[in-house]
Amino acid sequence: ARYLHGNRKQKGVHNLHVNIRSLKYKVFEVKNVAKEFSPHILGVSECELKKETIDEKNLKVPGYDILFPKSWKTHGFARVIVYVKKTFSYEQVFDLEDDLVQSIWLRGGFKNSKKVYYCHAYREHLSTRPVGEQQDYLRKFLSQWEAAAEYNFPTEPNEVHVSGDMNLDTYKGRWLQNDYRNLSLSILVQNACNSNNFS
């Protein structure tokens, strides 16, 4: 956000997200991204990780902690993970997460600055599932946005940043065209943005 609004020195939090399509064989690429850009937060989606086939120590990136979604503990898989710089002050907010939704929430910031809520997520591409089931899944994820804005009952809404792969084609407004296959899902996202002041 700071970069988009003109602060090219990027003095704020560097929050980056990449869709990697199977992390197991591309950890070296994540290490290169971390080394080149040195983000405070680095989210990775489409990880395709299963506890039974991967050793967590093989996913480590020097200088970073690894955060997993709730599904890692309850179901043994993760389609999104987050690397957070060890020097960055943060806490994972488990209350905002759901073991059926691929999202990771954290609250962080610099010393003596207002803390911001960050989410990295992956909306499953459920084209083989009924539309109603896809809508239910998406509603659970979108409800997390609203909960984050109000978390701990602040006097004014929290600042919330959501990054990830939604599997919705927003290019040139395609996602809101009447003939778009996932229009009902797009409308859910648009309504959530409108009602919660997200852009």
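None of these values were measured; they are calculated from a predicted model.
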Using modelled atom types only, decide if a donor and an acceptor are shared between the side chain of N158 and the backbone of V160 within a distance under 3.5 Å.
no
Output for pair (R123 CZ, S45 OG), nearest 0.5 Å, gives 12.5 Å
To check you understand the geometry: which heavy-atom pair defines the closest contact between G109 and S113, and what is its length?
C-OG, 4.0 Å
Closest non-hydrogen atom pair, I104 against L67:
CD1-O, 3.3 Å
Given side chains that start at C-beta, do those of D95 and W105 come closer than 4.5 Å, heavy atoms only?
no
E48 with K24: basic N within carboxylate O range, under 4.0 Å:
no
State whether K115 and E159 are salt-bridged, where the test is any N-O pair (Lys NZ or Arg NE/NH1/NH2 against Asp/Glu carboxylate O) under 4.0 Å.
no
Once side-chain hydrogen bond (donor to acceptor under 3.5 Å, both in side chains) is applied, do any residues pair with N182, and if so which ones, sequence neighbours excluded?
none
Tell me every residue that passes side-chain hydrogen bond (donor to acceptor under 3.5 Å, both in side chains) with E133, counting only those two or more places apart in sequence or in another chain.
R129
Is any side-chain heavy atom of L188 less than 4.5 Å from a side-chain heavy atom of Q135?
yes
Indicate the ring-plane relationship of Y90 and F88, choosing parallel, tilted or perpendicular according to the 30° and 60° boundaries.
parallel
Under 4.5 Å between any side-chain heavy atoms of F68 and F77, yes or no?
no
Check step by step if salt bridge (charged side-chain N to carboxylate O under 4.0 Å, His left out) holds for K70 and E97.
CA-CA 7 Å; K70 279 189 174 178; E97 300 177 8; 5.8 Å; no
Could you tell me whether the side chain of V82 reaches within less than 4.5 Å of the side chain of I66, counting heavy atoms only?
no
If I compare all heavy atoms of V101 with all of Y137, which pair ends up nearest, and what's the gap?
CA-OH, 3.6 Å
Determine, for D179 against R174, whether the closest basic-nitrogen to carboxylate-oxygen distance falls under 4.0 angstrom.
yes
Under 3.5 Å side-chain donor-acceptor pair for N167 and Y122:
yes
Just by distance, no angles: are the side chains of W72 and E56 close enough, under 3.5 Å, to form a donor-acceptor pair?
yes
Counting only N and O atoms by type, is there a donor-acceptor contact under 3.5 Å from the side chain of N152 to the main-chain atoms of P154?
no
For the residue pair W145 and F198, is the inter-centroid distance of their aromatic rings smaller than 6.0 Å?
yes
Listing request: all salt bridge (charged side-chain N to carboxylate O under 4.0 Å, His left out) pairs with a residue in residues 137-148, at least two apart in sequence or in separate chains.
D136-R139
Close side-chain approach of N15 and S163, heavy atoms under 4.5 Å:
yes
Mind checking what makes side-chain contact (heavy atoms from CB on, under 4.5 Å) contact with S186, not counting sequence neighbours?
L168, W175, L176, Y180
Counting only heavy atoms not in N194 (residues, nucleotides, ligands), do more than 12 fall under 6.0 Å from its CG?
yes
With side chains defined as the heavy atoms from C-beta onward, is the minimum distance between F141 and S103 less than 4.5 Å?
yes
Close side-chain approach of I187 and S184, heavy atoms under 4.5 Å
no
Non-hydrogen side-chain atoms of M166 and V189 separated by less than 4.5 Å
yes
Only pairs under 3.5 Å count here: list side-chain donor-acceptor contacts from residues 31-42, not counting sequence neighbours, and write none if there are none.
from, atom 1, to, atom 2, distance (Å)
N32, ND2, F28, O, 3.4
S38, OG, K85, NZ, 2.4
H40, ND1, H14, N, 2.9

Only counting residues at least two apart or in another chain, list the ones meeting side-chain hydrogen bond (donor to acceptor under 3.5 Å, both in side chains) with K86.
D65
Any side-chain donor near an acceptor of the partner, S71 and Q102, under 3.5 Å
yes
